[in-house]
S.K.: 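The structure's right below; bear with me while I get my questions together.
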Amino acid sequence: MILLVGSNKDRVIKYLAEFLINNQKPVVFLNQNKIFDSVLVFNNFFKINSIEYPYDKFTGVLNRIVNVAQDVSCKRIPRALSLLSCVINTKLNNVINRVQYCASNDSKLYQITTLTKKDIRIPKSQVLAKTSLSKLQDVKYIFKSLGSIRSIVTEHEHHSYQNTLTYEPVLFQELILGENIRVHVIKNICFATLIKSEKIDYRYDYDKRVFLDYNLPKIIQEECILIAKNMSLTFCGIDLIKYQGFYYILEVNPSPGYSFYEKNLSHQDISKALMNALSNL
Amino acid sequence: MILILCDGDINSTSFMKYLDERSISYTLITPLKIINEIAIVDNLTSDGSVCIWQYQDLKINFNDVTGLYNSLHYIDIKYFSDFVVEDRAYVQNEWWAYLVYRINDFQNSINPITREVMSGVLYQYPFVYTTAYNNGFKIPKYYISHSIEEIRVLANQLQRYITKNTIYFDNNFKESNSINNDTIGLIEYIDGNVIFVHVVDNKIWTTIYRDGGTYPYKISESQETKCFELIQRLKLRVAELVFKQDANDLVLHYISAFPNWLKSDASYIPHIYKTLAAKLINK
């Protein structure tokens with residue numbers, strides 16, 4: 001039996017659940033928003049809608065728990081969620097992915113400096129704080145958040161505050177106008193998708209972006225698999241840019257929204273591989 | 001140059017006093033200084049990083065820093081009161097993301113911010129016990145549950161226990177005698193003396209708490225080896241391991257990546273600080 005854990009608003013969970021049901025796989029959804037309501041955590045089992053699910057009956061767990069704000073009115077909810085997360089982390093087998101392996105995504109620069117880089121390069125990056133932006137070297141830059149809170153990647157010269165000081169640290173990265181490639185790694189398999197878009201941040205190019213299967217060179221596939229393995233991630237999404245024959249890595253997402261890509265492709269190979277991984281095959 | 005990153009905690013203060021008394025120079029950086037005063041230019045390429053922090057007349061080039069002693073494990077939101085309310089959590093998150101990178105990119109950080117510290121799992125006793133057990137340590141029985149009925153049944157089975165209202169260990173070894181609606185964890189209460197083990201890379205100091213005092217103590221070589229292996233597995237350079245000594249063995253109760261050196265026997269403390277200082281002076 002496969003366990004999916006997260007919010008009922010999570011599109012990835014909804015998409016994968018439908019795929020698993022269509023493939024006659026036994027699946028249980030644990031809705032984190034129903035904790036203390038219809039979801040209870042016991043020492044050796046979950047009780048969901050009054051049905052007991054022993055921890056050792058799950059072949060695999062897709063862990064997509066979203067942190068909730070600390071100031072929610074009921075103090076028991078964050079405490080209950082941390083207990084749930086802790087149980088998943090310590091008592092269940094084949095968890096994709098365990099919480100500590102996802103932590104590096106909280107600091108993008110830290111993450112890319114820890115990667116084993118052979119044929120994949122890292123873009124020139126600069127962090128500035130309380131410093132004039134004239135310190136930026138003479139290349140074009142984008143800027144984005146350093147941490148895990150999503151920001152819209154924007155070209156620096158198009159930003160209205162380009163001549164001001166930054167008071168918090170801001171990550172500027174060399175603008176690489178190449179091909180955007182998302183690589184999903186599941187165990188030892190890579191699925192590469194090319195995203196054609198006219199915008200720097202294709203996530204916000206709602207009208208014109210196009211998704212295509214991409215034939216990633218074997219040497220780059222092997223390096224992506226190695227990156228995931230070194231980070232102990234069974235499943236991850238790696239953002240690459242190909243420019244003038246070189247591959248640059250932007251970040252590794254340990255909780256990838258893969259359905260966003262697969263919905264625009266003509267197959268469901270990522271879901272199939274994920275189903276196999278969660279079935280412990 | 002030695003850098004000390006701390007928020008005025010008692011351990012760092014005590015260590016700095018040791019450095020002052022021996023005229024070993026260091027630069028103290030607090031969260032308040034970082035957020036409000038230090039100008040940062042930090043460049044990263046495939047060849048490595050070049051980082052300059054400018055603070056008043058002092059220019060800190062990380063290539064000249066020999067060691068970084070870090071006791072920060074987060075930055076308190078109180079330091080961001082100058083930002084509008086809706087931006088505070090974002091700015092706090094960005095500063096922490098930067099500091100994690102900077103501390104970890106530097107090769108001689110004691111301690112680096114490991115993924116277990118970043119994710120918070122190192123503060124959770126179920127994670128600590130699972131990891132310690134997998135490393136060959138004896139651990140107390142423990143249970144976690146939302147159900148107060150189940151907690152009561154498990155408490156009866158244990159007979160002697162410590163209750164917990166969170167999954168985070170708070171260094172409290174006191175035996176409990178009641179369970180309330182907030183109890184979500186039980187840890188087996190074990191009679192015996194408390195033993196603190198402090199590790200700095202390949203050095204170890206063991207202190208036993210007995211009869212109201214502290215005494216230097218020696219654990220077996222195999223126990224020492226397991227301590228080293230465990231902290232290497234967690235990618236820590238310094239750590240505090242807390243044991244209870246039962247009739248036959250040591251039972252691990254807690255691991256901290258931010259050791260309280262003052263829990264060590266007083267005779268050890270100068271040796272610990274001397275070791276730390278030597279490691280921070282030599283890159």
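Below, read A as the first sequence line, B as the second, and so on, with proteins coming before strands; counting in each chain starts at 1. Every heavy atom of this structure was used, including side-chain atoms; hydrogens, water molecules and symmetry mates were not.
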S.K.: Under 4.5 Å from any heavy atom of chain A, what part of B:L122 do you find: side chain, backbone, both or neither?
M.R.: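 No part of it gets close to chain A.
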S.K.: Stepwise, does the side chain to side chain contact (heavy atoms under 4.5 Å, CB included) test hold for B:R115 with A:Y101?
M.R.: CA-CA 7 Å; B:R115 59 191 185 185; A:Y101 304 147; 3.2 Å; yes
S.K.: Side chain of B:E94, backbone of A:E168: donor and acceptor closer than 3.5 Å?
M.R.: no
S.K.: Taking all non-hydrogen atoms of both residues into account, name the closest pair between B:T45 and A:I122 and its distance.
M.R.: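 Minimum heavy-atom separation between B:T45 and A:I122: O-CD1, 3.8 Å.
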S.K.: If you look at every heavy atom in B:A97 and A:S107, which pair is closest and at what distance?
M.R.: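 Answer, listing the atom of B:A97 first, then A:S107: O-OG, 2.6 Å.
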S.K.: For chain A, which residues from residues 67-87 of chain B lie under 4.5 Å away (heavy-atom distances)?
M.R.: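 The stretch touches chain A at B:F83.
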S.K.: For B:K138, does the NZ atom have more than 12 heavy-atom neighbours from other residues, nucleotides or ligands under 6.0 Å away?
M.R.: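 Yes - once you tally the heavy atoms of other residues, nucleotides and ligands closer than 6.0 Å, there are more than 12.
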S.K.: Please find the pair of heavy atoms, one from A:N43 and one from B:E150, that lie closest to each other, and give the distance.
M.R.: N-OE1, 2.9 Å
S.K.: Taking side chain as everything from C-beta outward and backbone as N, CA, C, O, which of these in A:S125 sits under 4.5 Å from a heavy atom of chain B? Side chain, backbone, both or neither.
M.R.: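 Both parts, backbone and side chain.
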S.K.: Could you list the donor-acceptor pairs under 3.5 angstrom formed between side-chain atoms of residues 241-254 of chain A and any protein atom two or more places apart in sequence or on another chain?
M.R.:
from   : atom 1 : to     : atom 2 : distance (Å)
A:Y247 : OH     : A:Y214 : OH     : 2.9
A:E251 : OE1    : A:N105 : ND2    : 3.2
A:N253 : OD1    : A:S255 : N      : 2.9

S.K.: Tell me, out of B:T166, B:T114, B:N165, who's got the most heavy-atom pairs with chain A below 4.5 Å.
M.R.: B:N165
S.K.: Only counting residues at least two apart or in another chain, list the ones meeting ring-ring contact (aromatic ring centres under 6.0 Å, His included) with B:F127.
M.R.: none
S.K.: Answer with side chain, backbone, both or neither: which region of A:N89 has an atom nearer than 4.5 Å to a non-hydrogen atom of chain B?
M.R.: side chain
S.K.: Please walk me through it: do A:T113 and B:Y101 pass side chain to side chain contact (heavy atoms under 4.5 Å, CB included)?
M.R.: CA-CA 8 Å; A:T113 55; B:Y101 154 68; 3.7 Å; yes
S.K.: Using heavy-atom distances under 4.5 Å, tell me whether B:T130 contacts chain A through its side chain, its backbone, both, or neither.
M.R.: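 Side chain only.
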S.K.: With only heavy atoms counted, which part of B:I35 is less than 4.5 Å from chain A, the side chain, the backbone, both or neither?
M.R.: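 Contact with chain A involves the backbone of B:I35 alone.
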S.K.: Side chain, backbone, both or neither: which part of B:I144 has a heavy atom under 4.5 Å from chain A?
M.R.: both
S.K.: Shorter than 4.5 Å, heavy atoms on both sides: which option in B:I113, B:N104, B:V91 has the most such pairs with chain A?
M.R.: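 Greatest number of close heavy-atom pairs with chain A: B:N104.
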S.K.: Determine whether a donor-acceptor pair (N or O, by modelled atom type, separation under 3.5 Å) exists between the side chain of B:H146 and the backbone of A:V41.
M.R.: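 Side chain of B:H146 to backbone of A:V41: a pair is present.
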S.K.: Taking all atoms of both residues into account, what is the closest heavy-atom pair of B:S145 and A:L83, and its distance?
M.R.: C-CD2, 3.9 Å
S.K.: Please report the interatomic distance CH2(B:W95) to CG(A:L146), rounded to the nearest 0.5 Å.
M.R.: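 Nearest 0.5 Å value for the CH2-CG distance: 10.0 Å.
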S.K.: Apply side chain to side chain contact (heavy atoms under 4.5 Å, CB included) to A:Q126 and B:V41, showing your working.
M.R.: CA-CA 7 Å; A:Q126 210 167 15; B:V41 180; 4.0 Å; yes
S.K.: May I have all residue pairs that pass side-chain hydrogen bond (donor to acceptor under 3.5 Å, both in side chains) and include part of residues 227-238 of chain A, sequence neighbours excluded?
M.R.: A:T116-A:N230
S.K.: Side chain, backbone, both or neither: which part of B:Q54 has an atom under 4.5 Å from a heavy atom of chain A?
M.R.: neither
S.K.: Highest number of heavy-atom pairs under 4.5 Å with chain A: which of B:D105, B:I38, B:I34?
M.R.: B:I38
S.K.: Take A:Y110 and B:M118, measure what side chain to side chain contact (heavy atoms under 4.5 Å, CB included) needs, and give me the verdict at the end.
M.R.: CA-CA 12 Å; A:Y110 161 60; B:M118 278 174 87; 3.8 Å; yes
S.K.: For B:Q157, look at atom CD and say whether over 12 heavy atoms of other residues, nucleotides or ligands are found less than 6.0 Å away.
M.R.: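 Counting other residues, nucleotides and ligands, CD of B:Q157 exceeds 12 neighbours.
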S.K.: Counting only heavy atoms not in B:K141, do more than 12 fall under 6.0 Å of its NZ?
M.R.: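 Check fails, neighbour count at 12 or below.
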S.K.: What are the two closest non-hydrogen atoms of A:T131 and B:A39, and how far apart are they?
M.R.: OG1-CB, 3.8 Å
